[in-house]
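Down below is the structure, laid out as structure tokens.
Lettering follows sequence order; numbering is per chain, from 1.
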Amino acid sequence: MNYWLFKTEPDEFGIDDLQSRGRERWDGIRNYQARNLLRDQVRCGDQVLIYHSSCKAVGVAGIAGVVSEPYADPAQFDPDSKYFDPKASPEAPRWFALDVGFVEKFPRVLPLARIKSQPQLAEMVLIRQGRLSVQPVTAAEWQLLTTLARQG
DNA sequence: GCCAACGTTGGC
DNA sequence: GCCAACGTTGGC
């Protein structure tokens, strides 16, 4: 079982939306590095930190669980979708999605600034590399981060 | 809105 | 393959 961090803009879809819906497709990943992780390494049963970006309270908002294996993102085949990719075909999909289920909403969003200020978290991919919407989290990072977040 | 840090595109 | 131009992400 592996740990991940997925970024999302809560104005589009955030932890509250996931909580009310229970389960949702995580799609629209259009970055090759993120795609490769999603397709090759993320598996059903893995756990995911939900990170809110480009919003008022930037930080980790809660936890989701991966509840499907990765599959071809249907949006790439839909000409009406903003995620349509004319170079993709069902025989040769380029982009992948998976389903996530709600697990937990933290009492407060754990702010990015707080994460940066923790020496044990300063090596997170989140801090070291920007612009990656699917990224690995170590067990030690997961343990500390969730502990801090649950303290509010 | 600004801007830094990337990623992508396309001419050559 | 190089690299300039352009586009996107995302914190602040």
Can you give each donor-acceptor pair under 3.5 Å made by side-chain atoms of residues 122-133 of chain A, sequence neighbours left out, with the distance rounded to 0.1 Å?
unit_1   : atom_1 : unit_2   : atom_2 : d
A:Glu123 : OE1    : A:Arg128 : NH1    : 2.4
A:Gln129 : NE2    : A:Gln33  : OE1    : 3.0

Item to complete: At under 4.0 Å between heavy atoms, which parts of nucleotides 5-12 of chain C does protein reach? Answer with one letter per nucleotide, 5' to 3': B base, S sugar-phosphate only, - none.
Response: --BBSBSS

Discussion item. Do A:Trp4 and A:Asp46 pair up side chain to side chain, a donor and an acceptor below 3.5 Å, judged on atom types alone?
Written reply: yes

Response to the item:
Correct closest heavy-atom pair for A:Trp142 and A:Val137 would be N-CG1, 3.7 Å

Practice prompt. Heavy atoms only: give me the nearest A:Val103-A:Ala64 pair and the separation to one decimal.
Written response: CG2-C, 3.6 Å

Worksheet entry | Whether over 12 other heavy atoms sit under 6.0 Å from A:Arg108 CZ | no

